[in-house]
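By convention in this document, chain letters (A, B, ...) are assigned in the order of the sequence lines, proteins followed by strands, and residues within each chain are numbered from 1.
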Amino acid sequence: MYRHLERRLTERVRDFLRRTYNLDLPKIVIEQPPKVEFGEYALPLAFELAKKLRKAPRKIAEEIVNGIGAIEGFEKLEVAGAGYINARLNRGEVAAALVADQKLKAEIPPGKVLVEHSSINPNKAAHIGHLRNAILGDTFVRLLQFAGRQVDVQNYIDNTGVQVADVIVGFLHLEKKSRAEIEQLTRQPRFDYYCWDLYARVSQWYEQDKQNQRARIETLHAIEQGGNETAAIADLISTAVLRRHLETMDRLDIEYDFLPRESEILHLHFWDAAFQQLKEKGVLFYESQGKNKGCWVMRRAGVAGKSETAKSAKTDAKDAKHDSGKASQEDDLLREIEMRSGVDIRPSSEPAEGIAEEDQKVIVRSNGTVGYVGKDIAYHLWKFGLLGKDFGYCKFYLYPNGHQCWISSTNGEPDHPHFGDVAEIYNVIDARQSEAQNSVVEALRGLGYNEQADHYTHFSYEMVALTPRCAAELGYQLSEEDSARSYIEVSGRKGFGVKADDLIDRLIASAKSEVDARHPQLTDAERATIAIQIAIGALRYFMLKFTKQSVIAFDFKEALSFEGETGPYCQYAVVRATNIFRKGGVDPDTFSRDGARPVSAAEFAKYLEGESGNEIWELWLAAAKTSYVVDQCIATTEPAYLAKHAFQIAQLFNYFYHRHPILTEADEGRKRFLLATAAVVRRELIRALGVMGITVPPVM
RNA sequence: GGGCGCGUAGCUCAAACGGAUAGAGCAUCGGAUUUCUAAUCCGAGGGUUGCAGGUUCGAUUCCUGCCGCGCCUACCA
């Protein structure tokens, strides 16, 4: 509603400027006035035009206001302050249209969208950082769907990486478990918790003796190669952990369509196909000397053009540091063990002389194995349908609601949905990986796929860390330095963090005791269901209320809060609205559709005018903005705006609720109007919350 | 060293393209409804937007330089 009117206003103004001043402005800025009394839209463009037209801003504003004529849906334009143009909507018409809830058609871009999120290493339990990722990703999926887009949801599974190798080392070398014993263990309810602890122990074991890392390299090698006992055990474990992740996320109503695995990227030789293209197009260079001798490298993303050969004293110093550092031991170990070379590493074309050593990003190691970025490039060529290869597909996980989630496989089932080959992609990956993400984009550009590169969005967000207080609460001993920080980074390697299921459990327990106290008359099952809805609402809202670039310093007290700017606050507003209708014996859904129809636009206008009208109008206006806010969230890849929006509606509604008793209203016409207000706000708030994956309980 | 990001009330965070009096929540203090349940509402205090310059009608926002903090910068993923 709101966005359609804004577009109409923009077009009329642009039209007028062209006609009157022969001006064509690329963009016409439209703001929202600080108070509704000023109108619904504000245009500061007279200030901008003042110089061009050599007139006072106020004069220009007056010319526009007087000359533009009537605009459908608008009451009038007026000049304010030093030259603002404020536009006033016809409140009655807007309210009547909102009640009718007519679907206004918006142009939907063609093509499918692919959102990749979660992508948790399948070697340990998911933690709060993964929750932020999944909640952001899932909400973004819902935003796109709300806007009418068709979306594929993918969760990339790195089942052949070091992290999985580490936990396998734990089972085989520390615990000396047999395959049968491990199989037994994977059946226990929270097998991922077991792995969480074991993974931390393995990291300690590596610390104890660097030689222990030999086991890691050997294990990783075996897993990558496949077709052996170690690989089979790794598959067993990573699959079991993956199932646990899906269960955890399903608790939050987060589902996936397809799980592409690294093992298939490897075994179906995706990389070979990508490597071929990258060599042909000169994106990769073979380095024949220096630190990266024997590697295939590409130019590091963000490094412009040909760099000078000025790599003198600085590079030497860096090398020296490397040799004495403890990293060198690991490097030696890596080199020491001969690895299978699955790809042709012999130099074919030009050397990498054009790129200074520090600007090189190694894609293929000197032992012939391909690194993570390389695999990611191949994967992304597949996403855009540019690889010339496809996965095999198998059914993997059937959600209780009947939705089928597929997984990649070397030998797939013949009948499967078509994944990949999309027009746009969004990768929900934390900010620490932005360089790797940029490298993938640069590789696409290097291959000449500029259009695809333009539709590649790294949905970057900051990590979730723990406050020192929270860490202490969890029983971790902190150094003095750490205690002084405002937050401490979570570390899976150290087993330092809050597990997702633990947090969800605590939220549910906390909500349950509250519901138990408030609604003893309900059955335990009913109360449990409500508690879960509240817990999820609290958690999802918590993860969404921060903007992406803000590091969340996690604290139980804040996360467990159900008051103030929280999900339950928003849910509660809906429950209150529902209660009015229940007590009044009116169905809110049918009322918002049919019952309010008798209230004419003229009547709405009457109740929405004047000072007391302003206050209620503010609520209507907020309710009218949902699709506008959704558009903004998509354009900026920032779901936090929606969280703020929902909170604002809830806040305005609570105020309204307090000020205007509805059921006792004596004036029948006014009562109808107030009921219509509650019905529309309720409907829109449910919608907004729904896009965030938050449902509303019947009572709270 | 280089790259990215951040610095706003006691605390945690907002402020779309540069715009009208920088806003919320929490915490503190003081109030409200025998009414559609108080997971609510109202009020109060609390700010030199890290510092210094610059750009302009106008800067929390853009530019430059400092200061402080975080992340990235591995033949890890």
### Query
Going by modelled atom types, is there a donor-acceptor pair between the base of B:rU35 and the side chain of A:H658 at under 3.5 Å?
no
### Query
When you measure from the side chain of A:C295, which nucleotide among B:rC13, B:rA77, B:rC75 comes out closest?
B:rC75
### Query
Looking for any heavy atom pair under 4.0 Å, which part of the strands does A:Q571 touch: base, sugar-phosphate only, or nothing?
nothing
### Task
Select base, sugar-phosphate, or nothing to describe what A:A577 touches, counting heavy atoms under 4.0 Å on all strands.
nothing
### Message
Over 60° means perpendicular and under 30° means parallel, so tell me whether A:F554 and A:F556 are parallel, tilted or perpendicular.
### Response
perpendicular
#### Entry: For A:M298, the option from A:V362, A:D359, A:L284, A:V364 that meets side chain to side chain contact (heavy atoms under 4.5 Å, CB included)
A:L284
### Task
Give a yes or no on whether a donor-acceptor pair under 3.5 Å exists between the nucleobase atoms of B:rA20, that is its base, and the side chain of A:N86.
yes
## Note on the structure
Winner on side-chain proximity to A:D158, out of B:rA77, B:rC36, B:rC13, is B:rA77
### Query
In whole angstrom, what separates A:K644's NZ from B:rG23's P?
15 Å
### Query
Side-chain N or O of A:K583 less than 4.0 angstrom from OP1 or OP2 on B:rU37?
yes
### Message
Rounding to an integer number of Å, can you tell me how far A:E435 CD sits from B:rC76 C1'?
### Response
14 Å
### Summary
Ranking B:rC57, B:rU37, B:rU40 by distance to the side chain of A:K51, first place goes to B:rC57
### Task
With a 3.5 angstrom cut-off on both distances, give the Watson-Crick or G-U wobble partner of B:rU12, or none if there isn't one.
B:rA24
### Query
Would you say the side-chain atoms of A:S119 and A:E116 include a donor-acceptor pair closer than 3.5 Å?
yes
### Message
Please confirm whether the shortest side-chain N or O distance from A:Y657 to OP1 or OP2 of B:rA39 is below 4.0 Å.
### Response
no
### Query
According to a strict under-4.0 Å criterion, is A:K35 in side-chain N/O contact with OP1 or OP2 of B:rA20?
no
### Message
Can you tell me if A:N654 touches the phosphate of B:rU40, counting only side-chain N or O atoms and a distance under 4.0 Å to OP1 or OP2?
### Response
no
### Task
Please work out if A:E31 contacts a base, only the sugar-phosphate, or nothing of the nucleic acid, heavy-atom cut-off 4.0 Å.
base
### Message
If we count only N and O atoms by modelled type, under 3.5 Å, do the side chains of A:Q360 and A:E287 hold a donor and an acceptor together?
### Response
yes
## Note on the structure
Side-chain atoms of A:S550 come closest, of B:rC13, B:rC41, B:rU37, to B:rC13
### Task
Ignoring the backbone of A:E563, work out which of B:rA39, B:rC72, B:rC13 is nearest its side chain.
B:rA39
### Message
Side chain of A:Q651, heavy atoms from C-beta onward: which of B:rA24, B:rA74, B:rC57 has the nearest atom to it?
### Response
B:rA24
### Message
Do the side chains of A:E357 and A:R300 get close enough for a salt bridge, i.e. N-O under 4.0 angstrom?
### Response
no
### Whole-angstrom distance between B:rC42 and B:rG25, as gauged at atom P
8 Å
#### Entry: A:K55/A:L49 under side chain to side chain contact (heavy atoms under 4.5 Å, CB included): CA gap, chis, key distance, verdict
CA-CA 8 Å; A:K55 285 183 195 170; A:L49 295 179; over 6 Å; no
### Query
Which part of the nucleic acid does A:I534 contact within heavy-atom distance under 4.0 Å: base, sugar-phosphate only, or nothing?
base
### Message
Just N and O in the side chain of A:Q549: are any of them under 4.0 Å from OP1 or OP2 of B:rC71?
### Response
no
### Task
Kindly assign one of parallel, tilted or perpendicular to the pair A:F546 and A:F542, based on the angle between their ring planes and the thresholds 30° and 60°.
perpendicular
### Query
Of all the choices, B:rA39, B:rG25, B:rC36, which nucleotide is nearest to the side chain of A:P568 once you look at every atom?
B:rA39
### Message
Does A:H660 reach a base, just sugar-phosphate, or nothing at all? Heavy atoms under 4.0 Å.
### Response
base
### Task
Select base, sugar-phosphate, or nothing to describe what A:F653 touches, counting heavy atoms under 4.0 Å on all strands.
nothing
#### Entry: Geometric cation-pi criterion A:K548 and A:F459, 6.0 Å radius, 45° cone
yes
### Query
Quantified in whole Å, what is the P atom distance between nucleotide B:rC67 and nucleotide B:rC51?
15 Å
### Query
With respect to the phosphate group of B:rC41, does any side-chain polar atom (N or O) of A:R659 fall under 4.0 Å of OP1 or OP2?
no
### Task
Answer yes or no as to whether B:rA24 has its base stacked against A:F647, where stacking requires a ring-centre separation under 5.5 angstrom and planes under 30 degrees apart.
no
### Message
Please report the distance separating the P of B:rC76 from the corresponding atom of B:rC69, rounded so that it comes out in whole Å.
### Response
31 Å
### Message
Side chains of A:F581 and A:L675, heavy atoms from C-beta outward: is any pair under 4.5 Å?
### Response
yes
#### Entry: Nucleotide nearest A:Y641 when distance is taken to its side chain, options B:rC13, B:rA16, B:rC36
B:rA16
### Message
Rounding to an integer number of Å, can you tell me how far A:Y655 OH sits from B:rA32 P?
### Response
18 Å
### Message
Under 4.0 Å from OP1 or OP2 of B:rA39: is there any side-chain N or O of A:Y572 that close?
### Response
yes
### Check ion pair A:K375-A:D158 (N to O, under 4.0 angstrom)
no
### Task
Write down the distance separating the P atoms in B:rC17 and B:rA27, rounded off to the nearest Å.
32 Å
### Message
From CZ of A:F546 over to P of B:rA15, roughly how many Å is that when rounded to an integer?
### Response
13 Å
#### Entry: Rounded distance in Å - CD1 (A:I429) to P (B:rG5)
18 Å
### Task
Have a look at A:F47 and say if it touches a base, only the backbone sugar-phosphate, or nothing, with a 4.0 Å heavy-atom cut-off.
base
### Any strand: nucleotide that pairs with B:rA39 via Watson-Crick or wobble, under 3.5 Å
none
### Message
Distance check, P atoms only: B:rC6 and B:rG58, in whole angstrom units.
### Response
26 Å
### Query
Nearest to the side chain of A:H519, which nucleotide is it out of B:rU37, B:rA77, B:rU12?
B:rU37
### Query
Are any of A:R518's side-chain N or O atoms less than 4.0 Å away from OP1 or OP2 of B:rA39?
yes
## Note on the structure
note: A:E638, atom CD; B:rC13, atom P; distance rounded to Å ~ 14 Å
### Message
Would you measure the distance from the P atom in B:rC13 across to the matching atom in B:rA9 and give it in whole Å?
### Response
11 Å
### Query
Looking for any heavy atom pair under 4.0 Å, which part of the strands does A:G81 touch: base, sugar-phosphate only, or nothing?
nothing
### Message
What's the gap between B:rG30 and B:rG46 when it is taken at their C1' atoms, as a whole Å value?
### Response
15 Å
### Message
What's the gap between B:rG70 and B:rC57 when it is taken at their C1' atoms, as a whole Å value?
### Response
38 Å
#### Entry: Below 4.0 Å: OP1/OP2 of B:rC76 and any side-chain N or O of A:R365
yes
### Query
To the nearest angstrom, how far is A:Y199 atom OH from B:rA77 atom P?
12 Å
### Query
Paired with B:rU55 by Watson-Crick or G-U wobble geometry, both distances under 3.5 Å: which nucleotide is it?
none
### Query
Does a distance-only test, which skips hydrogens and angles, find a donor-acceptor pair under 3.5 Å between the side chain of A:S434 and the base of B:rC4?
no
### Query
Considering every strand shown, what is the Watson-Crick or G-U wobble mate of B:rC4 when both distances are under 3.5 Å?
B:rG70
### Message
What's the closest nucleotide to the side chain of A:I580 if the choices are B:rC36, B:rA77, B:rA39?
### Response
B:rC36
### Query
Is any side-chain N or O of A:R300 closer than 4.0 Å to OP1 or OP2 of B:rA74?
yes
### Message
My understanding is that a pair needs two contacts under 3.5 Å, Watson-Crick or G-U wobble. By that rule, which nucleotide pairs with B:rU48?
### Response
none
